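Remarks on the structure that follows.
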Protein chains: 2
Amino acid sequence: MTQDGRLIRGERTRSAVLEQALLLATVAGLDGLSLSQVADALGVSKSGLFAHWRSKEALQLAVVDQARAQWTDRVVRLARAAPAGVRRLWAVHDSRLAFYEAKVLPGGCFFANAHFEFNARPGVIRDRLAAELADWMAFLTGLAAEAVELGELRADVSPGGLAYLTESLGVCAVMQAPVLGAETTCGQARRALHEHLRAVATDPTILPELT
Amino acid sequence: MTQDGRLIRGERTRSAVLEQALLLATVAGLDGLSLSQVADALGVSKSGLFAHWRSKEALQLAVVDQARAQWTDRVVRLARAAPAGVRRLWAVHDSRLAFYEAKVLPGGCFFANAHFEFNARPGVIRDRLAAELADWMAFLTGLAAEAVELGELRADVSPGGLAYLTESLGVCAVMQAPVLGAETTCGQARRALHEHLRAVATDPTILPELT
DNA sequence: CTACAAAACGACCGACCGTTCGTAAATATA
DNA sequence: TATATTTACGAACGGTCGGTCGTTTTGTAG
């Protein structure tokens, strides 16, 4: 290990592997991910991967971390710029759809893909994905509850129900993207939540107009 | 071939294989499906499968047919009993969620799983899945349009938007099922669409109460 | 009973999988 | 420069995969 703060060699390849593995996993699936393909794509040896992770499963868990970090950076962080309440909830929805439209990941959404892949496969990975989903839903529910407390949404709005609706529209958008095109389906997801929020907001003009 | 109408041996094993393959595919994925496992589960030889389908891909396409037939029988057919219009749209949503709750398929929803699995994998299977999804969305949109024409929904309701919302809630329900339990998540999906339909219906009492 | 065709089988193939292990190169410390 | 440690490598292993082929069983028709 170096004494200064520079990235040592191992850490550089480690993050390069994770980045590449995330890309491949969103296409081939987290389980369908092939260590040979990851290694070949980076020009490193397959056996070298086992110096960083003791097994394929350990690498898969690290990929989940990588996806979470990317999601936090590209979706959650952007939304924190919006003022708390209904506008922040909308910002999350919007930047999430923008993330899909930007096609950062060739396979659409890592978490959606992984959830359906491990739906019926108990184990460490499914538990981890479940925890991530619970976190995410709690985050959305918290945003909705905040909007109610601020008086920006009608008092009879259920934060959990609104979070569920928001998540539903996002998931469906990425599912239909390959069929209808990401722009079309993300547009539908935007319009649907926009209309719904305007309908349950105390001040319908609080949201920006949809272009 | 027999001269009477009885099922000959080949057809019986053929349908038994498809049934078993559908079960396994919803867990391991349509691509992760193993011919050896299918054969072993039925006590037949793997090589015998190639007498019915020339390749794994051909079997996979047949499994899609099988899933479609099951879906039509367990979801669409039930809904046709409801009167046309908003009540039929609701019946589709309700029987679909009941199908999930009944846990007929151990992996949740075959189509949802398959869509996310093949999201970024062009080819015959993805094209087929895309066609199925297009059919399904057209079906939902038609139901919504019918409800508008009958005057049961406000005239400014977009049939496509309503269909998208309905599909979203269903997909998200099956995605979250392993985390929160199918009953909880299907309940949320029911409540969400029920509220929405009551809000946009010309006569809010047209739908049955939610128990 | 014989003849024939549909159906199923067992053995085998090459390819790829995740994993192990002994060794060599690269980089740090002294 | 010499040493120690991290990092990466090539070769090989057992196992599973989809797929092929020749043979045998099964069920019907004549």
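This is a predicted model, so every value here is computed, not measured. Residue numbers start from 1 in every chain, and the chains themselves are labelled A, B, ... in the order their sequence lines are given, proteins ahead of strands.
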With a 4.0 Å cutoff (strictly under), does any side-chain N or O of His52(B) reach OP1 or OP2 of dA8(C)?
yes

Please figure out whether Glu57(A) or Lys46(B) has its closest DNA chain C nucleotide nearer the 5' end.
Lys46(B)

Salt bridge or not for Glu167(A) and Arg96(A), using N-O below 4.0 Å?
yes

How many whole angstroms separate atom CG of Leu42(B) from atom C1' of dA7(C)?
15 Å

Thr166(B) side, atom OG1; His93(B) side, atom NE2 - distance, nearest 0.5 Å:
6.5 Å

Hey, can you pull the residues of residues 25-34 of chain A with a non-hydrogen atom under 4.0 angstrom from DNA chain C?
Leu33(A), Ser34(A)

CZ of Arg54(A) versus C1' of dT7(D): gap in Å, rounded?
18 Å

Quick one: bend of the helix from dC1(C)-dG30(D) to dA30(C)-dT1(D) from 5 pairs per end, to 10°?
10°

Taking CZ from Phe50(A) and C1' from dT19(C), how many angstroms apart are they, rounded to a whole number?
5 Å

Rounding to a whole Å, what distance do you find between Leu59(B):CG and dC17(D):C1'?
15 Å

Roughly, in whole Å, what's the span from CG in Leu49(B) to C1' in dG10(C)?
14 Å

Atom CD in Gln188(B), atom SG in Cys172(B): separation rounded to 0.5 Å?
8.0 Å

Go through dC17(C), dG18(D), dC9(C) for me and flag the one nearest to the Val44(B) side chain.
dC9(C)

If I take atom CZ from residue Arg128(A) and atom CZ from residue Phe118(A), how far apart are they, to the nearest 0.5 angstrom?
12.5 Å

Pairs involving residues 113-122 of chain A, ordered by first then second residue, that meet side-chain hydrogen bond (donor to acceptor under 3.5 Å, both in side chains) (sequence neighbours left out):
Asp31(A)-Arg121(A)

Arg12(A) backbone acceptor or donor facing Ser15(A) side chain under 3.5 Å
yes

Looking at the base of dG10(D), is there any donor atom on it, or on the side chain of Ser45(A), that sits under 3.5 Å from an acceptor on the other one?
no

Tell me whether the side-chain N/O atoms of Thr13(B) come closer than 4.0 Å to OP1 or OP2 in dA8(C).
yes

Using a strict cut-off of less than 4.0 Å between a Lys/Arg side-chain nitrogen and an Asp/Glu carboxylate oxygen, indicate whether Glu101(A) and Arg190(A) qualify as a salt bridge.
yes

Using whole Å, report how far NZ of Lys56(B) lies from C1' of dT16(D).
11 Å

Could you label the plane-to-plane angle of the Trp71(B) and Tyr100(B) rings as parallel, tilted or perpendicular, counting under 30° as parallel and over 60° as perpendicular?
tilted

Can you identify which nucleotide, out of dG18(D), dT19(C), dC17(C), has its nearest atom closest to the Gln37(A) side chain?
dC17(C)

Side chain of Ile8(A) only, please: which of dG18(C), dT7(D), dT20(D) is the nearest?
dT7(D)

Check this for me, if you would: do Glu195(B) and Arg191(B) make a salt bridge, where the nitrogen-to-carboxylate-oxygen distance has to be below 4.0 angstrom?
no

For the pair Tyr164(A) (side chain) and Leu169(B) (backbone), establish whether a donor and an acceptor sit closer than 3.5 Å, ignoring hydrogens and angles.
yes

Interatomic distance where CG belongs to Asp40(A) and C1' belongs to dC16(C) [whole Å]:
12 Å

Looking only at the side chain of Ser47(A) (C-beta and beyond, no hydrogens), which of the listed nucleotides dT19(C), dG19(D), dC21(C) gets closest?
dC21(C)

Output the rounded distance in Å from CG (Leu35(B)) to P (dG18(D)).
4 Å

